Number of protein chains: 2
Amino acid sequence: MPALKPSERRYQRTHEAILEAARQIIHEDGVNALSMRAIAQRIDYSAAGLYEYFASKEEIIETICRQGHRRLKDGMARVSTDLPIREYLRDTGLAYIEFAVQNPDFFLLMFTKAPPLPPGEMSPKELQALLESELLDENSAFLVLFNGIQRGINEGVLPVRPDLGVMEIALGAWSLVHGLAMLRVTFLQSFQTDFARIERETLRAFYEGLTLNRDRN
Amino acid sequence: MPALKPSERRYQRTHEAILEAARQIIHEDGVNALSMRAIAQRIDYSAAGLYEYFASKEEIIETICRQGHRRLKDGMARVSTDLPIREYLRDTGLAYIEFAVQNPDFFLLMFTKAPPLPPGEMSPKELQALLESELLDENSAFLVLFNGIQRGINEGVLPVRPDLGVMEIALGAWSLVHGLAMLRVTFLQSFQTDFARIERETLRAFYEGLTLNRDRN
DNA sequence: TTAAAATCCAAACAACGTTCGGAAAACAAA
DNA sequence: TTTGTTTTCCGAACGTTGTTTGGATTTTAA
């Protein structure tokens, strides 16, 4: 029972309508077509009216990005953990790429800007702790990778070293799938090739290399 | 002996001054601060005057991006080919990342938009051929990677399969270094960690995995 | 010397994000 | 119901953007 007053329900509905309109515009006409006036027109508002619900266009975009990260994480979490670790990590990585291919505009929106930081000042220590907690937030796609790598270590398939722990390996894995996804939706957008094979083989090579993990660089 | 007429020399000089001013603005105040009026002010022109030299702001940016690709390629080509293949490929990848870290604004400018296509229509065949030739252009950073992989194959260190040739392996390698670079200048911008170690270890794992290259996915 | 071409800019245009001031509506208290 | 207050909404405007236009000035060519 939310027990919301009617005015609050109206507010929430409009709030969501703005986001939905913004998503539609991005999906249909691209990010460049996203303007406050265009959003307003879709939901029969004036541009000025939107500022009752969002402080700025940037805030609308940030909200959409947060939801995008959740959708990305959901897609990756959908991979069955019953799979053997090798297939599990592979399919998780492929899910990351699949999201990018299916939602290139949102993906680029999410990953071409540095993440927004809270306005207040903070010490480097605090900042680092905040970033680390955001990285491992429950809605973070990275967390899925992180847990997957952790599982591989627990199962004894992936070796660890004092200077190369879960975090370091997971960041490497993230970089790999991110690069595959990013290049495919930008530079290789119109390029024709068997991306699926490249992705699988590249992921495989990285995985097998991880299982070795000798000592010297 | 260029044998340019004085007017042509003047034209070239202004042409270059515009690009230089644009580069400075991007470097000092970021991409968002780049405007036609800001460029004009730096070189004592009016905004309208710039259109004698560039058809649009987009054309200025494209030119800067092309030069950026050349600089990126030069940085990678600076790695000594006397190095053993393993170290050569590693340092080439690290050079790619180093460029991104030293020039994050330019790097993002170069790789967050799909490459500009010539306006004329063309068949899918022609388009594919054009993209492939651009990918392997002499000023393409990818070409350095491509040649490096090719060398590894020639030396018998990297195995090839009918369905996984130089191009496919090189695209995978590109994706890997691109992801490492991209994440570092965007999402992990303020994050503190031993990036150098992660990069070396990730590249190492991928390389070692490549040398195995079994048959099934 | 004269016609043509190249060079440059003030002014304006359309579109943008955002702010301001107030109108209209919804709500709360009496 | 009648107040007074708060919420909701918008027309108009501000400042900035990329770009176009028309004409002025200079350079070049004949």
Side-chain angles (χ1 to χ4, degrees), chain A residues 2-26 28-65 105 108-109 112-113 116 119, chain B residues 2-26 28-65 105 108-109 112-113 116 119:
Chain A
L4 288 176
K5 293 191 266 186
S7 72
E8 293 174 316
R9 287 217 305 273
R10 273 201 318 258
Y11 186 89
Q12 280 300 334
R13 193 161 2 117
T14 306
H15 196 269
E16 178 51 41
I18 292 174
L19 294 175
E20 175 60 22
R23 279 189 295 258
Q24 278 184 23
I25 292 170
I26 292 176
E28 293 171 16
D29 308 320
V31 201
N32 296 333
L34 183 68
S35 73
M36 296 301 271
R37 288 173 173 85
I39 297 174
Q41 193 178 7
R42 288 225 179 193
I43 58 173
D44 304 298
Y45 269 63
S46 77
L50 304 183
Y51 287 84
E52 288 287 332
Y53 301 88
F54 292 92
S56 65
K57 178 183 177 181
E58 185 58 31
E59 194 175 292
I60 297 179
I61 293 179
E62 280 174 20
T63 306
I64 290 181
C65 282
D105 285 296
L108 285 178
L109 209 54
T112 48
K113 301 289 169 194
Chain B
L4 288 176
K5 294 190 268 186
S7 73
E8 294 174 316
R9 286 218 305 272
R10 271 202 320 256
Y11 185 90
Q12 281 300 333
R13 193 160 4 116
T14 305
H15 196 270
E16 178 50 42
I18 292 174
L19 294 175
E20 175 59 21
R23 278 189 295 259
Q24 278 183 24
I25 292 170
I26 292 176
E28 294 171 16
D29 307 320
V31 200
N32 296 332
L34 183 68
S35 73
M36 297 300 272
R37 286 172 175 84
I39 298 174
Q41 193 178 8
R42 289 224 180 195
I43 59 172
D44 305 297
Y45 269 64
S46 76
L50 305 182
Y51 287 83
E52 289 286 332
Y53 301 87
F54 293 94
S56 65
K57 178 183 176 181
E58 184 59 30
E59 194 175 293
I60 297 178
I61 293 178
E62 281 174 20
T63 307
I64 290 181
C65 282
D105 285 296
L108 286 178
L109 210 55
T112 49
K113 303 287 170 195

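Lettering of chains follows the sequences in order, A, B, ..., and the numbering in each one begins at 1. Values in this document were obtained by computation on a predicted structure and should not be read as measured data.
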Indicate for each nucleotide in nucleotides 12-18 of chain D, in 5' to 3' sequence, whether protein heavy atoms under 4.0 Å reach the base (B), only the sugar-phosphate (S), or nothing (-).
-B---BB

Before accepting this row, confirm whether a basic side-chain N of the pair B:R13/B:E16 lies closer than 4.0 Å to the acidic partner's carboxylate O.
no

Write down the distance between [atom1] ([X]) and [atom2] ([N]), rounded to a whole number of angstrom.
{"X": "B:E59", "N": "D:dT19", "atom1": "CD", "atom2": "C1'", "answer": "14 Å"}
{"X": "A:I39", "N": "C:dT18", "atom1": "CD1", "atom2": "C1'", "answer": "14 Å"}
{"X": "A:L50", "N": "D:dG11", "atom1": "CG", "atom2": "P", "answer": "12 Å"}
{"X": "A:H15", "N": "D:dT8", "atom1": "NE2", "atom2": "P", "answer": "12 Å"}
{"X": "A:Y53", "N": "D:dT8", "atom1": "OH", "atom2": "C1'", "answer": "6 Å"}
{"X": "B:E52", "N": "D:dT19", "atom1": "CD", "atom2": "P", "answer": "15 Å"}
{"X": "B:Q12", "N": "C:dA6", "atom1": "CD", "atom2": "P", "answer": "15 Å"}
{"X": "B:R10", "N": "D:dT25", "atom1": "CZ", "atom2": "C1'", "answer": "13 Å"}

Assign A:D44 to base, sugar-phosphate, or nothing according to its heavy-atom contacts below 4.0 angstrom with the strands shown.
sugar-phosphate

Shortest non-hydrogen contact from [X] to [Y]?
{"X": "A:A33", "Y": "A:I25", "answer": "O-CG2, 3.5 Å"}
{"X": "A:D29", "Y": "A:R42", "answer": "OD2-NH2, 4.0 Å"}
{"X": "B:K57", "Y": "B:L34", "answer": "NZ-O, 2.7 Å"}

So which one's nearest nucleotide on DNA chain D is more toward 5', B:A47 or A:T14?
A:T14

The side chain to side chain contact (heavy atoms under 4.5 Å, CB included) partner of A:I26 among A:L109, A:L108, A:N32, A:I61 is A:L109

For C:dC8, does either OP1 or OP2 sit under 4.0 Å from a side-chain N or O belonging to B:Y45?
yes

Non-hydrogen side-chain atoms of B:T14 and B:Y45 separated by less than 4.5 Å:
yes

When rounded to the nearest 0.5 angstrom, what distance separates CD in B:E59 from OH in B:Y53?
14.0 Å

